[in-house]
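Below, chains carry the letters A, B, ... as their sequence lines are ordered, and counting in each starts from 1.
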Number of protein chains: 2
Amino acid sequence: MEMARDKYHHGDLRQALLEAAEEELKEKGVEGFTLRGCAKRAGVSHAAPAHHFKDATALLTALAALGFRRFLEVQIKYKDAAPPNPRDRMLASGLGYIDFAQKHTALFRLIFSSDRPDYADAELSHASEAAFTDMMQGVRALSGGNAPEEKVMIDVAATWAMVHGVADLINSGKLKMLGALPEEARRKALVAIVDRVLPPATTD
Amino acid sequence: MEMARDKYHHGDLRQALLEAAEEELKEKGVEGFTLRGCAKRAGVSHAAPAHHFKDATALLTALAALGFRRFLEVQIKYKDAAPPNPRDRMLASGLGYIDFAQKHTALFRLIFSSDRPDYADAELSHASEAAFTDMMQGVRALSGGNAPEEKVMIDVAATWAMVHGVADLINSGKLKMLGALPEEARRKALVAIVDRVLPPATTD
DNA sequence: TGTACATCAGTGAACGCGCGTTCACTGATGTAC
DNA sequence: TGTACATCAGTGAACGCGCGTTCACTGATGTAC
């Protein structure tokens, strides 16, 4: 095993830069994010990142893509732990969405409230679509296979908006009354809120 | 009437800077906002703003306060045009919230998704509290005077989250299917969505 | 009504700073023979 | 197994840029007498 400090070549600077970027984002916010700051955090000269990312946008774009993938993973983890019916799975998925927003404040902001990543990038748009598609499918399963398209659209919009609203408000500290509740009560409250908007499961 | 171009003294540079700042925000986003850019837009040397705003944060803080006041005005305007019962007034208020987010994208982002304004500032925190208080009162009126506090909290959170979620998702272009609908259909869809989460009016 | 003076809002040159970007370089690694 | 060489990932000095901030200044306005 080699000691990292002895190495002139970093080994996996690309990965290290992504981790550094996440930290940088956490501490400085999207608005104060710099490439030089990331290089410093990764323990590397400020010119080194150029070998891996064209510019700050490229780094933020890759980080946003990674963010979307983790965002989806969290939701899937929650879903897989839920009772195997569309309603409970959808509810779990929503709780995962909110949990991600709370635990990864900076990433959540990056993927939902920033113009800095390049959304035309193939990797990023693929990752974001995967996340959104998963959510749509969950709602569709819940609305029932032959619900009219118009109803499905309303269901999707309502469910997504509710979950996203809770996540964004908690994330920006505006629903402190929820965040302040003890673990179990918080969960119960979130369930009550999200549950209120889920379409009733159809039985056909 | 004096011609503005003949004046060495601007007349009301403070106000002009606020308007310039809103434009700057609209075009460059919170992330690219500069004081020098605002000065240029206001047609004034870059050192002039210092007489009115200590720094960029002070200007953004004043702008955010102004944003919250307008945000509340729009909601009140909508409410006053609605049938005078708690449910319709609340619904109207929510539509006003969403309307503001759509028409003042930059301001909405500034007040809900940016760390740059100083929220400890008295004027700003007063303006934001006024907006939030108004909303809480609307929900409280709808929940009925003697609803248990816990239910009111859930009602507030659910209503706020739903409205805010729709507003934020439309604002960031993620509910295109709603934005793309023709005027009347869009309104109907929004009503259906927001209405779904409003607590039933109590009659006691 | 006129003059002197204080006040205030603006100018524009200058500064230091951190940023992104470029460039010649150097050290480490992998491969051909 | 050893040597020569190409490749690649890093360094660090240098640059130009736009930023915020400071400063001596100047032009306009209001007021005292």
Just do the ring-ring contact (aromatic ring centres under 6.0 Å, His included) check on B:F112 and B:H164 with the steps written out, would you?
-> CA-CA 10 Å; B:F112 278 109; B:H164 180 77; 4.8 Å; yes
Start with the C-alpha distance between B:R109 and A:D115, add both sets of side-chain angles, then the distance that settles salt bridge (Lys or Arg N to Asp or Glu O under 4.0 Å), and finish with yes or no.
-> CA-CA 11 Å; B:R109 274 205 166 167; A:D115 286 334; 3.3 Å; yes
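When Watson-Crick and G-U wobble pairs are counted only if both distances are under 3.5 Å, D:dG20 pairs with C:dC15. Nucleotide C:dT1 is matched to nothing when pairs are restricted to Watson-Crick or G-U wobble geometry with both distances under 3.5 angstrom. In a base pair of the Watson-Crick type (N1 to N3 plus N6-O4 or O6-N4) or a G-U wobble (N1-O2 and O6-N3), with each distance short of 3.5 Å, C:dC8 is matched with D:dG27.
In this structure, OH in B:Y119 is found 7.5 Å from OG in B:S128, a value given to the nearest 0.5 Å. Note that the CD atom of A:Q102 and the CG atom of A:L190 stand 7.0 Å from one another [nearest 0.5 Å].
B:R69 places no side-chain N or O within donor-acceptor distance of the main-chain N or O of B:A127, the cut-off being under 3.5 Å.
Checking A:D88 against A:N85 by side-chain atom types alone, a donor-acceptor pair falls below 3.5 Å. Side chains of A:S143 and A:D155: a donor-acceptor N/O pair is present below 3.5 angstrom, by distance only.
Scanning all heavy atoms of the two residues, the minimum distance from A:H52 to A:A48 falls at CD2-O, 4.1 Å.
The nearest whole Å value for the distance from the CZ atom in B:R36 to the C1' atom in D:dC17 is 11 Å. If you take CG of A:L17 and C1' of C:dG20, they are 15 Å apart, rounded to a whole angstrom. Between B:R116 atom CZ and D:dG20 atom C1' there is a gap of 11 Å when expressed in whole angstrom units. When the P atom of D:dT21 is taken as reference, atom CG of B:L35 falls 7 Å away, rounded to whole Å.
If you check residues 19-28 of chain B against DNA chain D, you find no residue with a heavy atom closer than 4.0 Å. Near-neighbour residues of DNA chain D inside residues 38-60 of chain A, defined by a heavy atom below 4.0 Å, number-ordered: A:V44, A:S45, A:H46, A:A47, A:A48, A:H51, A:H52.
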